Protein chains: 2
Amino acid sequence: MLQDEKVKSPHECEECPIRHRAVCARCETDELERLEEIKYYRNFEAGQTVIWSGDKMDFVGSVVSGIATLTQTMEDGRTQMVGLLLPSDFVGRPGREGSAYDVVATTDVVMCCFRKKPFEQLMERTPHIAQRLLEMTLDELDAAREWMLVLGRKNAREKIASLLSIIARRDATLNLRPTEGALVFDLPLTREAMADYLGLTLETVSRQISALKRDGVIHLEGKRHVTVPDFSRLMEEAGDDSDGGMFA
Amino acid sequence: MLQDEKVKSPHECEECPIRHRAVCARCETDELERLEEIKYYRNFEAGQTVIWSGDKMDFVGSVVSGIATLTQTMEDGRTQMVGLLLPSDFVGRPGREGSAYDVVATTDVVMCCFRKKPFEQLMERTPHIAQRLLEMTLDELDAAREWMLVLGRKNAREKIASLLSIIARRDATLNLRPTEGALVFDLPLTREAMADYLGLTLETVSRQISALKRDGVIHLEGKRHVTVPDFSRLMEEAGDDSDGGMFA
DNA sequence: CGCAGTTTTGAGGAACTTCAAGTATAGTGG
DNA sequence: CCACTATACTTGAAGTTCCTCAAAACTGCG
C-alpha cells in the first residue's frame with residue numbers, strides 16, 4: 001500500500017484547486033503564508049479509512065481531490081452516512097479531541113492537513129479563517145437539514161432522485177459546467193454507500209435506479225456512468241420545487 | 001393577541017438565565033455592554049409563527065425561555081422538523097437574507113433579538129461572539145447528524161425512545177438535575193410535532209408511546225407528563241450505547 | 001353540557017426489507 | 001488468452017413495518 005505518507009507542499013497554495021473554496025478562501029497573501037508553513041499533504045487510497053469514530057484526531061484538513069464519507073454506525077452494524085466530503089470540504093473540529101464519525105476515502109483522496117494545535121492557534125490570530133469556517137459550517141448545517149427532510153419524509157424513488165440531483169449539481173459546479181439541459185457524471189458511490197446515505201437497503205437502491213432508467217429519467221452506461229437528459233425532470237422526481245435551492 | 005411587542009431590556013444581561021450558554025457566553029463585561037445596547041426582547045405566544053421560510057429576516061436572536069421548532073415543508077404538505085430550539089439556542093444566520101425554515105413557537109417564547117446589520121458589524125469587531133457562534137453551530141451540526149442516524153436507520157420504537165431521551169437529557173441539564181435514576185419531565189411537543197420530528201405519522205407515535213408505557217419503560221400522567229424510572233433502560237430502547245454521548 | 005382539538009385504537013394495505021438466487025465485471029494466476 | 005475468483009449489482013418472492021383511513025375516547029373551555 002502506497003499509504004498515508006506525508007508529503008511536504010507538492011504545490012503552492014496560490015495554485016491550489018480549492019484555494020477559493022476551502023477554509024483558507026478568505027485569507028490574504030500573508031495569512032496564506034502562515035498557513036503554508038504548517039500545512040502538509042496526505043494521500044489516501046480508495047477504501048482506506050482516514051480516521052475511526054472515537055479515535056484521537058490530532059489534525060484537521062481539507063479535501064483537495066477525491067471523495068470521502070462521514071458515517072455513523074450502531075452497535076448492531078446499521079450504518080448511516082452523515083456527510084459526503086467533496087474537494088474543499090473541511091474535516092475535523094477545532095476544540096475537540098476525538099472524531100465523532102468514521103471518515104473513509106471512497107476514491108483516492110488528497111488532503112491538505114494541519115496539526116490541530118497550531119491550526120487552532122493560528123485561527124485565534126486570523127479572523128478570516130474562523131469566519132470562513134463558520135460560513136462553511138453553516139452551509140453544512142443547511143445541507144444536513146435538507147438531508148433530514150429526505151430521510152424523514154421522502155419515499156425511495158424520491159430519495160434516489162434527490163441524491164442524483166445533488167451529485168449532479170455539485171459535480172457541475174465543481175467542473176464549472178452549466179446546470180441545465182443534459183448532464184453527465186459518474187457516481188462516486190457504490191449502491192451500498194448510496195443506501196447508507198439514504199437510509200435504504202442496497203436492493204431498494206438498485207430497484208429504484210432501474211425504475212428511473214426504465215422511465216427514462218436517467219440513462220446508464222455501465223453501472224456508474226449516468227446521463228440525465230432533463231434535469232428539471234429529475235428535480236420533479238425528487239419532489240423539490242422546480243427552481244431548486246442553491247448549493248454552495 | 002398579546003403578540004410580538006418589542007420590549008426594551010426587561011432585565012440585565014448579567015442576570016440573564018442564558019448568559020453563559022448563549023451566543024454571548026464568551027463575552028467580557030465591556031463586550032456585553034455593546035451587545036446590550038442593541039438588544040431588544042420579543043414575546044411570542046404558543047403556536048405563533050416567528051418567521052416563515054423564505055421571508056426576509058432582518059434580525060437574529062436567542063431563545064431566552066420557551067421552545068420553538070424549525071421545520072421544512074414540501075409542496076404537498078409533508079413536513080419535517082429539522083431543529084428544536086431550546087433556551088440559549090440561536091435563531092437566524094449572519095450573512096443571509098431570508099429564513100430557510102419556518103420557525104414556530106410551540107410554547108410561549110421570549111427571544112433576545114438583535115437587528116442583523118448591527119449584530120454582523122459587532123461580530124466583526126468581537127471575536128468572542130464569532131467564536132461562540134462557531135462552537136454552537138458545530139454542536140448543532142453534530143446534533144443534526146445524530147438525528148440523521150435516527151431518521152435513516154432506527155425503527156419507530158427506537159425513534160420515540162431517542163426523542164424521549166434527548167428531551168429528558170436536555171431538560172435535566174437545563175434544570176441542573178442529575179441525569180440518572182428516575183427522571184420526570186413534560187413533553188413540550190404534540191404527537192403531531194413528534195411525528196414531524198421523527199419522520200413518522202402521529203398514529204405511529206401514539207402507538208409506540210403506548211407500547212413503551214405498557215412495557216414499563218415510561219409512565220404517563222395525562223398525555224404530556226412523563227416519568228422515566230430507569231434512564232439506562234430508555235437508552236437501550238433507543239439503540240444507543242449504554243454510556244451515551246454528551247450533549248452540550 | 002357540548003364542541004373543538006388532541007389522542008388512542010383498529011383494520012387493511014402499501015412500501016420497503018429480508019432472504020435467496022442469479023448476472024455482470026474486473027482482476028489474478030495458470 | 002482464458003478459466004477462476006471476488007466484488008458489485010440485479011431481480012424475484014415472501015414477510016414486516018409503518019401508513020392510511022376510520023372511528024371512538026379523552027381534555028379543556030366557552
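Keep in mind it's a predicted model, so treat the numbers as computed, not measured. Chain letters run A, B, ... following the sequence lines, proteins first and then strands; every chain starts at 1.
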Peer 1: When the nearest nucleotide of DNA chain C is assigned to A/Thr204 and to A/Lys223 on a heavy-atom basis, which residue is associated with the more 5' position?
Peer 2: A/Thr204

Peer 1: Counting the atoms with a prime plus P, OP1 and OP2 as sugar-phosphate, which does B/Ser206 contact under 4.0 Å by heavy atoms, base, sugar-phosphate, or nothing?
Peer 2: base

Peer 1: Taking 4.0 angstrom as the limit, do A/Arg21 and A/Asp89 come out as a salt bridge?
Peer 2: no

Peer 1: What I want to check is whether the side chains of A/Thr79 and A/Asp196 have a donor and an acceptor closer together than 3.5 Å.
Peer 2: yes

Peer 1: Quick check on DNA chain D: between A/Leu220 and A/Arg153, whose nearest nucleotide comes earlier from the 5' end?
Peer 2: A/Leu220

Peer 1: Checking A/Ser165 against A/Ser162: is there a side-chain donor and acceptor pair closer than 3.5 Å?
Peer 2: no

Peer 1: Out of D/dC9, C/dT7, C/dC16, which nucleotide sits closest to the side chain of A/Thr190?
Peer 2: D/dC9

Peer 1: At their closest point, which heavy atom of A/Arg42 faces which heavy atom of A/Cys113, and how far apart are they?
Peer 2: CD-SG, 3.7 Å

Peer 1: Do B/Lys159 and B/Glu237 meet the salt-bridge criterion of a basic N to acidic O distance under 4.0 Å?
Peer 2: no

Peer 1: Taking the minimum atom-to-atom distance to the side chain of B/Leu200, which one of D/dC19, C/dT7, C/dT17 wins?
Peer 2: D/dC19

Peer 1: Whole Å only: how far is the NZ atom of B/Lys159 from the P atom of D/dC18?
Peer 2: 8 Å

Peer 1: Check if the side chain of B/Glu203 and the base of D/dC21 share a donor-acceptor pair of N or O atoms closer than 3.5 Å.
Peer 2: yes

Peer 1: Between C/dA11, C/dC16, C/dT8, which nucleotide gets closest to the side-chain atoms of B/Arg207?
Peer 2: C/dA11

Peer 1: Scan A/Leu202 against the nucleic acid and name what it touches under 4.0 Å (heavy atoms): base, sugar-phosphate only, or nothing.
Peer 2: base

Peer 1: Rounded off to whole Å, could you give me the CZ-to-P distance for the B/Arg214 and C/dT7 pair?
Peer 2: 18 Å

Peer 1: Find the distance A/Arg191:CZ to C/dT17:C1' and express it as a whole number of Å.
Peer 2: 18 Å

Peer 1: Would you mind reading off the distance between B/Leu187 atom CG and C/dT6 atom C1', rounded to a whole angstrom?
Peer 2: 13 Å

Peer 1: To the nearest Å, give me how far apart CD (B/Glu221) and P (D/dC26) are.
Peer 2: 17 Å

Peer 1: Name the nucleic acid region contacted by B/Gly199, choosing base, sugar-phosphate or nothing; use a 4.0 angstrom heavy-atom cut-off, strictly under.
Peer 2: sugar-phosphate

Peer 1: Measure the distance from CG on A/Leu151 to C1' on C/dA15 and round it to the nearest whole Å.
Peer 2: 17 Å

Peer 1: Between A/Met194 (CE) and C/dT17 (C1'), how many Å, whole number?
Peer 2: 18 Å

Peer 1: Among D/dT11, C/dT8, D/dC19, which nucleotide has an atom closest to any side-chain atom of B/Thr201?
Peer 2: D/dC19

Peer 1: Hey, is the side chain of B/Arg157 poking within less than 4.0 Å of OP1 or OP2 on D/dT17, counting only N and O atoms?
Peer 2: no

Peer 1: Return the value, rounded to whole Å, for the distance between atom CD of B/Gln208 and atom P of C/dT8.
Peer 2: 12 Å

